[in-house]
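Taking it in order: structure first as structure tokens, then the write-up.
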Amino acid sequence: MKKRCVLLCLILIAVVLSSCSQNVNKAYPSQDLVVDQNRSWFDDFVISDGTVRIKCHVCILNQTSETKNACLTGDFSEDQKNGFIKENKLIAQQEQIPGQIQFELIPGENEFDVLFVGTSADSDQKANRLLPAIEIIPINHA
């Protein structure tokens with residue numbers, strides 16, 4: 001049963017990543033939406049039933065005058081290499097709204113507590129306590 005749940009989660013992640021990448025609006029210059037490194041941090045992680053939940057606080061600056069929508073992915077290559085998780089990229093979801101992977105970014109500062117959820121590997125030791133490299137993937141609803 002656990003293997004089926006993990007497999008289903010992996011399939012869901014693949015579908016969501018595919019959906020996010022297909023809806024990328026190439027017109028958004030990358031400097032319009034940036035992670036404020038000084039106001040963002042890694043918080044903690046929990047391993048339960050083969051699943052790793054990594055909590056981070058992320059501040060995103062929307063430097064435009066329009067509200068934008070985006071997905072966030074985190075690069076966990078080091079943790080994958082060290083045997084902590086099986087995936088190297090994870091999609092962020094809003095902690096307060098489980099399963100919500102789309103973030104509404106109003107002009108100015110936007111702060112979120114996010115969860116990156118992955119599959120536990122062999123080790124229970126995270127590579128480091130640093131914020132992962134976060135990619136902001138703008139979504140075009142037009």
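- Ring-plane geometry between F112 and F103 is classed as perpendicular, the angle between the planes exceeding 60 degrees on a 0 to 90 degree scale with a lower cut at 30.
- Residue pairs meeting the salt bridge (charged side-chain N to carboxylate O under 4.0 Å, His left out) criterion with at least one partner in residues 115-132, sequence neighbours excluded, are D79-K126.
- Inter-residue side-chain proximity for K55 and E95 is flagged as met; some heavy-atom pair is nearer than 4.5 Å.
- For N62 (side chain) and L105 (main-chain N/O), a donor-acceptor pair under 3.5 Å exists by modelled atom type.
- Between the N140 side chain and the P138 main chain, no donor and acceptor come within less than 3.5 Å of each other.
- Residues D32 and K68 have side chains not in contact (no heavy-atom distance under 4.5 Å, counting atoms from C-beta outward).
- No donor-acceptor pair under 3.5 Å is formed between the side chain of Q93 and the backbone N or O of L115.
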Would you check, one step at a time, whether the test side-chain contact (heavy atoms from CB on, under 4.5 Å) holds for N128 with F42? CA-CA 9 Å; N128 58 53; F42 166 85; over 6 Å; no
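- Residues F45 and F84 bring their aromatic ring centres within 6.0 Å.
- Looking only at side-chain heavy atoms (C-beta outward), V114 and I134 stay at 4.5 Å or farther from each other.
- Checked by atom type and distance alone, the side chain of Q63 pairs as donor or acceptor with a backbone atom of Q31 at under 3.5 Å.
- For S120 (side chain) and I85 (main-chain N/O), no donor-acceptor pair under 3.5 Å exists by modelled atom type.
- In this structure, E87 contributes its side chain and K89 its backbone to no donor-acceptor pair below 3.5 Å.
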